[in-house]
Amino acid sequence: MRPQSWTDMSEGCFMPEEARCRAWSEAQLWNGSVVLHLRRHDPFFTVTDSMSDETDISHDQHAVRRQKLEELRAAGSDPFRANVKPTHFSAEAIAAHVEGEDNAITVTVAGRIVTRRDMGKSQFVKILDQEGIIQLYVKKDVIGEEVYPIFKKLDLGDFIGVTGTLFKTRTGEITVRAESYTLVTKALRPLPEKFHGLTDPDQRFRQRYLDLIVNKESRDRLITRSKIVSHIRRFLEDRNFLEVETPVLQGVAGGAAARPFDTHHNALGADFVLRISLELYLKRMLVGGFDRVFEIGRNFRNEGISRRHNPEFTMLEVYEAYGDYRTMMEMVQGMLRTLCDDVLGTSKITHAASGEEIDFAADWREVPYKDLIREKTGDAGWFDLSKEDKTAKAKELGCKVEADWEEFEITNEIFSKLIEPNLIQPTFVTHLPKELCPLAKLNLDDPSVLDVFELIIGGMEIAPAYSEQNDPDVQRAMFEAQAGGEQQNVDQDFLTALEHGMPPAGGMGIGIDRLCILLTGAESIRDVILYPQLRPEATSGKAES
RNA sequence: GGGUCGAUAGCUCAAUCGGUAGAGCAGUUGACUUUUAAUCAAUUGGUUCAGGGUUCGAGUCCCUGUCGGCCUACCA
């Protein structure tokens, strides 16, 4: 509040009224125009005016609302001690109206006031609840002579409950004719602008609640995300997959190559890391006799933040005993197609970045990794080239190549920079080089590649899947090669589990956030995560002032 | 982490060559009993992100910092 910020100011900054007048006057002398700038709306500037100015709070919306709250409390009604029992959500109430039968059905709806059109002795008000917006028509001679002036004092942002009958307005909007109302929460701060909403990305993410109130796209996008997750859960449960929860705090961060977050447990006196994948603990479930398991959970990777990366993100991982990467291929195709039908109501979406239409119902291309590389480089013998020749060719194609890279890294740079971004339609890229993943089975015919696929849609990797490695000795060798001699990074307990026997299995992961980017047409991962990670604010002032 | 662009009223945005910050919405007051970004009249509201510098004079130019966008790097 204002007086608070004044006390925060240093003595030197505080300027008494008379001194301020003097400063003003001096300022006017510089440009020669005197009276008009002194006080725009009051040429007869006097001491009494300056005093009344300090009690005028009409410019301070927070103060105005606090005063209204105090007036309500003084009159014996405290909005923070009131409640209502809604009978309908907004959408239900609208659906309940029977065409041609106005004022036949009585409902109680509740929500936040988001718009108001005041016409003197009646007004239209719209309230927002989880299901959307419903309009209220508040008429002085319906709601009551005494109540109406109090209703008019409500502010945008207040929560109210309203009971009344449903009718259709002249312009065709189903509306509640309010017979009574209850203020159930006073909003002490104003809402952002009704038409343009909130645009500052910083504020949208830090104060997501405001974004959700005023920006319908944000609201719809996050509802869609919820439906996507719900659909996936149902899809898997219908196929006998069991949802389980595995530890976030782990001794060794396995299942992916990423820097973890470090943390510490006080009572155990032990250091832990936050998980970077779900993989190794879900596979232990296969060892434990659960044939079909999945988890939808948060992973944490201590890396840079970008349009496609948030430090914490949600993964689905699915494991199916007696399956392989080919059964996973069928499953993910079925999952995404039904997802489009059920959640989006269409098999076609527009890829936001390219404008190209993606059709999930059409046949999905399947192509080996090596074929794509040969195609892109125009060199059928690419994989037989020397490292020097690969380097030269890659640079020719516009890739940067670091001196200490292995050959597969040069090749993969071509894939990730030149090929993947251009795979817009759903594409299964199969049989990746064995160096790219230590957890999958080698292909029987070509042991330089893996029995895996990566599903690419819209230029993004959406789902990798493997025929899971279950040979404990091969797995140990792969881990040790990857750890590069750092034994503490090898999950020994997992290898012991494999020695007890893990059935052959197909496994798959889906980055839920990236899937949501794709399906909602979002520009950034921050748009599909409710509270994306931001740098903590240095000053605590602004939000609470 | 590096590069680059940005931060002005509660919100959305203006401000010419460096000349002393203005509009819409919201708020306040008034009119209007079926409105749709309702309309009409009047009106309040500013530490121009913070701190320094140049200048008679800085929202504007320079430096430093904070936070954010985009690109990039680490990473699937």
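Note on naming: letters A, B, ... go to the chains in the order of the sequence lines (proteins, then strands), and numbering restarts at 1 for each one.
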Practice problem: Pick base, sugar-phosphate or nothing for Thr115(A), based on heavy-atom distances below 4.0 Å to the nucleic acid. | Solution: nothing
Quiz item: So what does Leu156(A) hit on the nucleic acid, given a heavy-atom distance under 4.0 Å: a base, only sugar-phosphate, or nothing?
Solution: sugar-phosphate
Exercise. Consider the side chain of Gln61(A), meaning its heavy atoms from C-beta on, and name the nucleotide among U34(B), U28(B), A26(B) that approaches it most closely.
Key: A26(B)
Identify all side-chain donor-acceptor contacts of residues 400-407 of chain A below 3.5 Å with residues at least two apart in sequence or on another chain.
residue   : atom : partner   : partner atom : Å
Glu407(A) : OE1  : Lys390(A) : NZ           : 2.6

Exercise. Give, ordered by number, those residues of residues 193-205 of chain A having at least one heavy-atom distance below 4.0 Å to an atom of RNA chain B; if nothing qualifies, reply none.
Key: Glu193(A), Lys194(A), Phe195(A), His196(A), Gly197(A), Leu198(A), Thr199(A), Asp200(A), Pro201(A), Asp202(A), Gln203(A)
Quiz item: Just checking Leu191(A): base, sugar-phosphate only, or nothing, at a heavy-atom cut-off of under 4.0 Å?
Solution: nothing
Quiz item: Quick one: which of U35(B), A73(B), A26(B) gets closest to the side chain of Arg170(A)?
Solution: U35(B)
Quiz item: Centres of the Phe124(A) and Tyr137(A) rings: under 6.0 Å?
Solution: yes
Quiz prompt | C17(B) glycosidic torsion: syn (within 90° of 0) vs anti | solution = syn
Quiz item: Which of these nucleotides, C75(B), G69(B), U33(B), is closest to any side-chain atom of Ala258(A)?
Solution: C75(B)
Quiz item: Of the nucleotides C70(B), U34(B), C74(B), which one has an atom closest to the side chain of Lys400(A)?
Solution: C74(B)
Exercise. From the options G68(B), G45(B), C75(B), select the nucleotide whose nearest atom is closest to the side chain of His309(A).
Key: C75(B)
Quiz item: Among G27(B), U35(B), C74(B), which nucleotide sits nearest the side chain of Phe124(A)?
Solution: U35(B)
Exercise. Starting at the 5' end of RNA chain B, write a dot or bracket for each base, bracketing those in Watson-Crick or G-U wobble pairs whose two distances are under 3.5 Å and using | for partners on another strand.
Key: (((((((..((((.....[..)))).(((((.......))))).....(((((..]....))))))))))))....
Practice problem: Would you indicate what Arg307(A) reaches in the nucleic acid, counting non-hydrogen atoms under 4.0 angstrom: base, sugar-phosphate, or nothing? | Solution: sugar-phosphate
Quiz item: Closest to the Asp155(A) side chain: C70(B), U35(B), U28(B)?
Solution: U28(B)
Quiz item: Any side-chain donor-acceptor pair under 3.5 Å between Tyr209(A) and Gln207(A)?
Solution: yes
Quiz item: Whole-Å distance between G27(B) P and Asp60(A) CG?
Solution: 14 Å
Exercise. Please tell me which of the listed nucleotides, U34(B), C74(B), U33(B), lies nearest to the side chain of Arg259(A)?
Key: C74(B)
Exercise. Scan Ile462(A) against the nucleic acid and name what it touches under 4.0 Å (heavy atoms): base, sugar-phosphate only, or nothing.
Key: nothing
Practice problem: May I ask you to decide if the ring planes of Phe415(A) and Tyr369(A) are parallel, tilted or perpendicular, using 30° and 60° as cut-offs? | Solution: tilted
Quiz item: Are any of the side-chain heavy atoms of Leu198(A) and Asn215(A) separated by less than 4.5 Å?
Solution: yes
Exercise. For Lys153(A), answer base if it contacts any base atom (sugar-phosphate contacts may also be present), sugar-phosphate if it contacts only those atoms, and nothing otherwise; contact means non-hydrogen atoms under 4.0 Å.
Key: nothing
Exercise. Take atom C1' in A15(B) and the same atom in U60(B), then report the distance between them in whole Å.
Key: 9 Å
Practice problem: Would you indicate which nucleotide in C70(B), C32(B), G27(B) comes nearest to any side-chain atom of Lys152(A)? | Solution: C32(B)
Quiz prompt | Whole-angstrom distance between G1(B) and A14(B), as gauged at atom P | solution = 30 Å
Quiz item: Out of His97(A), Glu99(A), Glu101(A), which one pairs with Lys168(A) under the side-chain hydrogen bond (donor to acceptor under 3.5 Å, both in side chains) rule?
Solution: Glu99(A)
Quiz prompt | Whole-angstrom distance between C49(B) and A42(B), as gauged at atom C1' | solution = 34 Å
